[in-house]
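Reviewing the structure listed below.
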Amino acid sequence: MPDTCLSLLHDSEANQLSSLFQRHYDAAFADYFSRDPAKWPIFSEPGLKSIHDFRQQRLNPNERIAAYPNGLALQQHLAGHATIAQQRQIPDGTPDEMLTFAAALSKDWENPSSVENVVTMPCDPAIYGSMMGAMANPNLAYSEYAGMADQLEKYVIRQIANQVGYDPEQSTGIFTQGGTFCNLYGYLLGLRKSLPMALQHGMGRVPDFRIINSQGGHYSNMTNLSLLGVDIKDKTIRIKVTDSHDMDYEDLERQLRACFAVNCRVPTIMVTMGTTDTFAVDRIKPVYELRNRLCEEYEVEVKPHIHVDAAVGWSMIFFLDYDFHRNPLDINPVTLSGIERTISRVKELKYADSFTVDFHKWGYVPYTSSLVMIKNKQDMKALENEPENFSYFEHDLQGQTHLQSTIECSRGAVGVFGAYAALKYMGIEGYQTILAHCLQNANYFRHQLLKQGNVKLMAPENQGPSVGFRLYNPQWVDDVCAEFAKEQQCMTNPEYMEQLRRNSQWHRSVFKERGKVGLYTNWVEFISRSAYNPTGKYSYIPGEKAVFMNPATGRSQIDLFMRYYS
């Protein structure tokens, strides 16, 4: 982000909320997040209504059980009961007490203060759609078990393909169980294309290879490798990250050259579009161009598969065609500038061979609704297992779905139905409005933190919903930027390592003492990193974060949080 954009974070005028945008937001929230039975009759069902009514009290987490009728006794029953009812029970139309209690006392993402992570309340149309999918109960693994749900899945896949610039006729996708499974497919596509013998013989008899991912990526980027039987210590290369937490392309080139120079295969390069804690967005086109250039130079026959973990950042695709000059939603200047910077990177998603979409994150669909998009549907052939393994499925119907290529034998369609409904009713404009509301909240929070003088924002140039920061004791620290610069040198200076520990302990004590006030923030051990030492090692730098994906969150919650410092 240019210096002029960063300076806008200090500008009160640039962070103002316009009346025109407020009207857009109020209408969108009323239509899609109000649980209004006049718009969505399912919310008149007594059980659903009681859950919503209880949550509308917006209680602090430690107040909820006591406030729920007979709450403590119900909790004790859940914790101690262990037998199934002997007698059948006849439904009488009243809500089940235990189900209602468990649902109402689940994590309350509808509370405007809930900003702990990349999770949020689902929208009304997606709940409606998901319930239809649950009632129909199709299995997307096999066309005969899926029926028309198979066509609905293909319909949503074509919509996403068209939005990002994939050819809807040449691409494909799979709805699966969470972003971890999507990233697993990303790895597997590369492994099967580069090391086809692994399909039958496993990983023990394949040629030398290295999997490449970023140090800033999600932890599933590593746990999936263990699941696949990859030797993580010897067969994985983790690319360094910049101070903004995106991939260091110079290090990527060094590592790719080192592999190709000795005929070591690279099945998959995993990049990230929106890291969980700081919303770093890797550029994809430079990775694509580097891969193609080096494959030509070293005569690599099978190119590495580029998979993008866009589980968090995919939603920004709704701004790809936004008119930034006209700005029809009247998004405030600092947020408009930040969105434009992010979109310059998101438009490169079309260069990826596959990418992860988590509708259940910033798409406002209930868990789980995840989609792995694949640019070339022919890639699925590399995953196909032997046809004789599927002898109890009718041969002529097997090819109508990805039956022989998927990990799962059971692929529920609830996520498809929820995603379809969210896309249909919210549309691009609805998503733009809600996402812009979240991003304006994030920038307003950054603005308020900067005014305190003892706060260091982590990578504020990453203009996403995640706001990471470190607090410093003003009695110890006069210049937070200088102090943070010292902390970053902790791997080569024991004195600075001690300062890092002391400052982190002080911030952690403030975080714990504050508790749940205004915003329910989260403590993370890796909000930033130190500089690399001569051997390439680095240290985690912990801190606090708030993730503004909650459409119910407003400036009043931020102001209440900030009053703690006044």
Where do Ile212 and Met270 land on the side-chain contact (heavy atoms from CB on, under 4.5 Å) test, with the steps shown first?
CA-CA 6 Å; Ile212 290 179; Met270 179 80 67; over 6 Å; no

What I'd like to find out is whether the side chain of Asp124 reaches to under 4.5 Å of the side chain of Ser34, using heavy atoms alone.
yes

Would you say Met316 and Arg345 make side-chain contact, with heavy atoms under 4.5 Å?
no

Would you confirm whether the ring centroid of Phe355 sits within less than 6.0 angstrom of the ring centroid of Tyr166?
yes

Crowding at CE, Met132 (>12 non-hydrogen neighbours, <6.0 Å):
no

May I ask you to decide if the ring planes of Tyr538 and Tyr540 are parallel, tilted or perpendicular, using 30° and 60° as cut-offs?
tilted

Can you check side-chain contact (heavy atoms from CB on, under 4.5 Å) on Met222 and Arg238, steps first, answer last?
CA-CA 10 Å; Met222 298 305 292; Arg238 308 212 72 193; 3.5 Å; yes

Please confirm whether the backbone N or O of His360 pairs with a side-chain atom of Asp358, one donor and one acceptor, at under 3.5 Å?
no

Can you tell whether the side chains of Asp246 and Arg283 come within less than 4.0 Å, N to carboxylate O?
no

Taking atom types as modelled, is there a side-chain donor on Asn224 or Tyr185 under 3.5 Å from an acceptor on the other?
no

Does atom OH of Tyr155 have more than 12 heavy-atom neighbours from other groups under 6.0 Å away?
no

Between CD1 on residue Ile306 and CD1 on residue Ile284, distance to nearest 0.5 Å
8.5 Å

Whether Arg529 side chain and Val241 backbone form a donor-acceptor pair below 3.5 Å:
yes

Looking at CD of Gln432 and CG of Leu320, how far apart are the two atoms once the value is rounded to the nearest 0.5 Å?
9.5 Å

Using a strict cut-off of less than 4.0 Å between a Lys/Arg side-chain nitrogen and an Asp/Glu carboxylate oxygen, indicate whether Lys303 and Asp353 qualify as a salt bridge.
no

What distance do Glu408 atom CD and His402 atom NE2 have between them, rounded to the nearest 0.5 Å?
12.0 Å

Ring centre gap for Phe561 and Phe445 strictly below 6.0 Å
yes

Return the CG to OG1 distance between Asn221 and Thr272, rounded to the nearest 0.5 Å.
5.5 Å

Taking atom CD as the centre, does Glu429 end up with more than 12 heavy-atom neighbours from other residues, nucleotides or ligands that are less than 6.0 angstrom away?
no

Should we say atom NZ of Lys347 is surrounded by more than 12 heavy atoms from elsewhere, each under 6.0 Å from it?
no

For Phe318 and Val346: C-alpha separation, side-chain torsions, deciding distance, then whether side-chain contact (heavy atoms from CB on, under 4.5 Å) applies.
CA-CA 10 Å; Phe318 296 115; Val346 172; over 6 Å; no

Look up atom CZ in Arg192 and atom OG1 in Thr268, then write down how far apart they are to the nearest 0.5 Å.
11.0 Å

Would you name the heavy atoms of Gly415 and Val365 that are closest together and state the gap between them?
O-CG1, 4.3 Å

If you count the non-hydrogen atoms of other residues, nucleotides and ligands that lie under 6.0 Å from NZ in Lys285, is the total more than 12?
no

Hey, does the side chain of Glu153 reach the backbone of Ala149 with a donor-acceptor pair shorter than 3.5 angstrom?
no

Between Tyr322 and Glu340 (side chain of the first, backbone of the second, donor and acceptor by atom type, cut-off under 3.5 Å), is there such a pair?
no

Which atom of Ile269 lies closest to which atom of Val287, heavy atoms considered:
CG2-CG1, 4.1 Å

Over 12 foreign heavy atoms within 6.0 Å of OH, Tyr288
no

Determine, stepwise, if the pair Gln440 / Tyr444 fulfils side chain to side chain donor-acceptor pair (under 3.5 Å).
CA-CA 6 Å; Gln440 288 184 141; Tyr444 178 70; over 6 Å; no

Please confirm whether the backbone N or O of Lys240 pairs with a side-chain atom of Asp251, one donor and one acceptor, at under 3.5 Å?
yes

Phe324 and Leu336, any side-chain heavy atoms less than 4.5 Å apart
yes

For the rings on Tyr425 and Tyr128, is their centre-to-centre separation under 6.0 Å?
no

Answer yes or no: is there a side-chain heavy-atom contact under 4.5 Å between Asn139 and Arg411?
yes

Determine whether His437 and Thr433 satisfy the following criterion, side-chain contact (heavy atoms from CB on, under 4.5 Å), listing intermediate values before the conclusion.
CA-CA 6 Å; His437 167 77; Thr433 302; 5.8 Å; no

Shortest non-hydrogen contact from Ser369 toward Phe175
OG-CE2, 3.7 Å

Keeping Glu45 on the side-chain end and Leu48 on the backbone end, is there a donor-acceptor pair under 3.5 Å?
yes

In this structure, is the centre-to-centre distance between the rings of Phe359 and Trp314 below 6.0 Å?
yes

How about His307 and Ser354: does a side-chain donor come under 3.5 Å of a side-chain acceptor?
yes

Taking Ser171 for the side chain and Asn376 for the main chain, is one N or O donor matched with an acceptor at less than 3.5 Å?
no

Side-chain heavy atoms of Cys182 within contact of Leu371, under 4.5 Å
no

Find the distance between CD (Gln463) and CG (Leu8) and round it off to the nearest 0.5 Å.
9.0 Å

Mark yes or no for whether Ser114, through its side chain, and Asp108, through its backbone, hold a donor-acceptor pair below 3.5 Å.
yes

Measure across Tyr32 and Arg35 and return the closest heavy-atom pair with its distance rounded to 0.1 Å.
O-NH1, 4.5 Å

State whether the side chain of Asn15 and the backbone N or O of Asp11 hold a donor-acceptor pair below 3.5 Å, judged by distance alone.
yes

Residue pair Ile211 / Leu191, side-chain heavy-atom distance below 4.5 Å:
yes

Nearest heavy atoms of Leu457 and Pro460, plus distance in Å
O-CD, 3.8 Å

Given side chains that start at C-beta, do those of Asp321 and Ile428 come closer than 4.5 Å, heavy atoms only?
no

Is the closest side-chain donor-acceptor distance between Ser113 and Gln557 under 3.5 Å?
no

Any chance you could lay out the ring pair (Phe, Tyr, Trp, His ring centres under 6.0 Å) test for Phe33 and Tyr364, step after step, and finish with the verdict?
CA-CA 9 Å; Phe33 294 95; Tyr364 302 107; 5.2 Å; yes

Does some side-chain heavy atom of Gln163 sit less than 4.5 Å from a side-chain heavy atom of Gln159?
no

Any side-chain to backbone donor/acceptor pair from Thr275 onto Ala280? Under 3.5 Å, distance only.
yes

Shortest non-hydrogen contact between Ile527 and His245, atoms and distance:
O-CE1, 3.1 Å

Is it the case that atom CD in Gln22 sees more than 12 heavy atoms from other parts of the structure closer than 6.0 Å?
yes

Where do Thr356 and Asn183 land on the side chain to side chain donor-acceptor pair (under 3.5 Å) test, with the steps shown first?
CA-CA 7 Å; Thr356 294; Asn183 293 338; 2.7 Å; yes

